Protein chains: 2
Amino acid sequence: MAQISESDAGGSSSLSKAVHILKDLAAHSVEGVRLIDLARRLNLSQPSAHRLLKTLIAEGMVEQMSDSKSYRLSLEFFSIASQASRREGILEIARPSLLRLSATFNDTVFLLVRSNFDAICLDRVEGPFPIRSFTGDIGGKVPLGIGQGSIAILSYLPEEEREAIIKFNMPRIMDRAAIDEVDLRIKIEEVRRIGAAQMNFEMIEGMAGLGVPVLDRNGIAVASLSIGTLASRLTEMRSSTITDLLKSEARAISNKLNPFDPTLRYPASALRAQSKS
Amino acid sequence: MAQISESDAGGSSSLSKAVHILKDLAAHSVEGVRLIDLARRLNLSQPSAHRLLKTLIAEGMVEQMSDSKSYRLSLEFFSIASQASRREGILEIARPSLLRLSATFNDTVFLLVRSNFDAICLDRVEGPFPIRSFTGDIGGKVPLGIGQGSIAILSYLPEEEREAIIKFNMPRIMDRAAIDEVDLRIKIEEVRRIGAAQMNFEMIEGMAGLGVPVLDRNGIAVASLSIGTLASRLTEMRSSTITDLLKSEARAISNKLNPFDPTLRYPASALRAQSKS
DNA sequence: TCTAGTATTCCGAATTATGGACTTTTTTTA
DNA sequence: TAAAAAAAGTCCATAATTCGGAATACTAGA
């Protein structure tokens, strides 16, 4: 699954390897990872992998299961991350919307957030039907351009940025979906016209979905709200109601998100006073 | 705040520094962190800090805010971290119980999990009253021995381990609560007798709580279920009902956790087949 | 008990990180 | 608005750290 990723351009280092290790551990967090498998998957020598793991353990990011010798991410890692009070952020703000939507439609609802060239699934509320989606579970990533939520975001990025992303992502997209650049551009135009991304053609058999962007104050997408459901359940009528509700929740989130985003709006100097060590 | 931590014993490395950077970024995630401040706080030369940050950015763990030049953790980091909490699946398994409990009592319910010498709050469902707890929000940590949920776990660890923890944690505990070792040991015995930890003496004024352990098949605590409420609401009668319900939910979780905990019970070989790269 | 297959440790070779000095950019002050 | 100050980012010779082959210690299965 998780490739070594990216062009190895320039500053490779032991740190990169360590990060790859963390990612690999995350990808196999349930069963844990054995040293050998890790080393093989990431093309590391066994001693190197071992040394890095040892350091990561010393730093509390990783732990070794006592039964088997397998390694996995430590909870402290999770704890550190959640300490980062991005908590005040979109996740908490959006959660009530997700719950409302899920309860209203009896479908699975997703919150995707843009991260560079990808959309990351930040939250997900399950409906009663088992849904297969591109993003997979919370934490999953898709290239911008695949799936409704993801396309909804892509469609509402500044043109220049969008172009760059399309250029970069097109190969990745074609790799995973039967779409070419023309299809994608047509789709984007449609999304911008309607304000929502609907999947007519089924990219996963039997599945369908609908996504709308969550915009910042400049009208640029930072996230998206989407639902995934059985294709048979997405009739014309339902689909229009759903779109409306998604849009209104997205707007609600935008409003809560925007009024004060100090990290973006205020001159950096104004904040600095607080951060005396 | 965040110290450079620990004895610098043995394997120091650039990786350690990188981890310190990540922790520092986590601690200052609201405003973002400037290169200089980071370097000063962590005793790094500016070029080193810069180089490490560059690598972390290349790996997608960190991003640079475009307005100021400050750095902060990227969403991908959070994405990886959230995988860490999914390890045992206990989060998903326990959530329904939390919801039920919270709905039944109208109080705040916590799921704590053991992590080395601490208990980490993995999940928390809010009741209508604002509750202050030791663990704080999701992701928060307390030393094992402080608070009901935490004591519930401590009480059901193997004796030897428990002793080691008490020895290690006692200073940290006394630092934060008016309890000495004798009090703690008496408390633990009581918990083991009753099967639940109840806070009679109020450690946070006006607050009270009740916690029960979630045991693995060997009767060792891996987590705890607890509620936090106003002291005035924890009458004798309520308290006994609540205890019963907590216990029954804890047992339910245990059962779901145990019958198939492949990572623990099955010969490692049985699992390996699946984990072909 | 023996025999893989792994995990862990050692250690000399060499690749990599390091920080002083320098350039560029941003912010503050006059 | 310009000049000064502060911070960000870059370069490079030096020094230290990482690297991986090989040896050793475990562990599970036969």
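Bear in mind that the values here come from a model prediction, so they are computed numbers and not experimental data. Reminder, nothing fancy here: chain letters follow the sequence lines and each chain counts from 1. Hydrogens, waters and symmetry mates play no part in the numbers below; they use all other heavy atoms, side chains included.
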For this session: Report yes if at least one side-chain N or O of B:S13 is closer than 4.0 Å to OP1 or OP2 of D:dT18; otherwise report no.
Result: yes
Exercise. Hey, does the side chain of A:R34 come within less than 4.0 Å of D:dT27's phosphate (OP1/OP2), counting only N and O?
Worked result: no
Exercise. B:H50 has a side chain; which of C:dT6, D:dT10, C:dA17 sits nearest to it?
Worked result: D:dT10
For this session: Nearest whole angstrom, please: distance from the C1' of C:dT6 to the CZ of A:R40.
Result: 9 Å
Problem set entry | Pair B:E163 + B:K167: basic N to acidic O under 4.0 Å | no
Exercise. CG of B:L35 versus C1' of C:dG19: gap in Å, rounded?
Worked result: 13 Å
Exercise. Would A:D24 and A:K17 pass as an ion pair if we require N to O under 4.0 Å?
Worked result: no
For this session: Among the candidates C:dA7, C:dA17, D:dG20, find the nucleotide nearest to the side-chain atoms of A:P47.
Result: D:dG20
Problem set entry | Closest to side chain of A:K69, choosing from D:dT18, C:dA7, C:dT6 | C:dA7
Problem set entry | For B:S155, all residues meeting side-chain contact (heavy atoms from CB on, under 4.5 Å), sequence neighbours excluded | B:I151, B:I188, B:V191, B:R192
Problem set entry | OP1 or OP2 of D:dC19 under 4.0 Å from side-chain N/O of A:S45 | no
For this session: Report yes if at least one side-chain N or O of A:Q46 is closer than 4.0 Å to OP1 or OP2 of C:dG5; otherwise report no.
Result: no
Problem set entry | Phosphate OP1/OP2 of D:dA7: any B:Y71 side-chain N/O under 4.0 Å | no
Problem set entry | Between C:dT8 (C1') and A:L44 (CG): distance, integer Å | 16 Å
Exercise. The side chain of B:Q64 lies closest to which of these nucleotides: D:dA8, C:dT18, C:dA7?
Worked result: D:dA8
Exercise. Reckon B:K54 has a side-chain N or O less than 4.0 Å from the OP1 or OP2 of D:dT10?
Worked result: yes
Dump the pairs, protein N or O against N or O of nucleotides 11-13 of chain C, anything under 3.5 Å, distances to one decimal.
none

For this session: Mind calculating the distance between CG (A:L15) and C1' (D:dT17) to the nearest angstrom?
Result: 14 Å
Exercise. In whole angstroms, how far is the P atom of C:dT26 from the CG atom of B:D37?
Worked result: 18 Å
Problem set entry | Phosphate OP1/OP2 of C:dA17: any B:S48 side-chain N/O under 4.0 Å | no
For this session: Taking the side chain as every heavy atom from C-beta outward, state whether A:I220 and A:Y156 have any atom pair closer than 4.5 Å.
Result: no
Exercise. In whole Å, what is the span from the CE atom of B:M65 to the C1' atom of C:dT26?
Worked result: 16 Å
Exercise. Which of the following nucleotides, D:dG20, C:dT6, C:dT8, is nearest to the side chain of A:I36?
Worked result: C:dT6
Exercise. Is it true that A:R72 and A:E31 make a salt bridge, defined as a side-chain N closer than 4.0 Å to a carboxylate O?
Worked result: no
For this session: Figure out the CZ/P separation between B:R41 and D:dA7, and round it to whole Å.
Result: 13 Å
Problem set entry | Residue-phosphate contact under 4.0 Å: A:K17 side-chain N/O, D:dT18 OP1/OP2 | no
Exercise. Less than 4.5 Å apart, any side-chain heavy atom of A:Y71 and any of A:I57?
Worked result: yes
Exercise. How long is the line joining CG of B:L53 and P of C:dA17, in whole Å?
Worked result: 14 Å
For this session: Please determine if A:R34 and A:D37 form a salt bridge, counting it only when a charged side-chain N lies under 4.0 Å from a carboxylate O.
Result: yes
Exercise. Between A:E161 and A:R114, does at least one N-O distance fall below 4.0 Å, as a salt bridge requires?
Worked result: yes
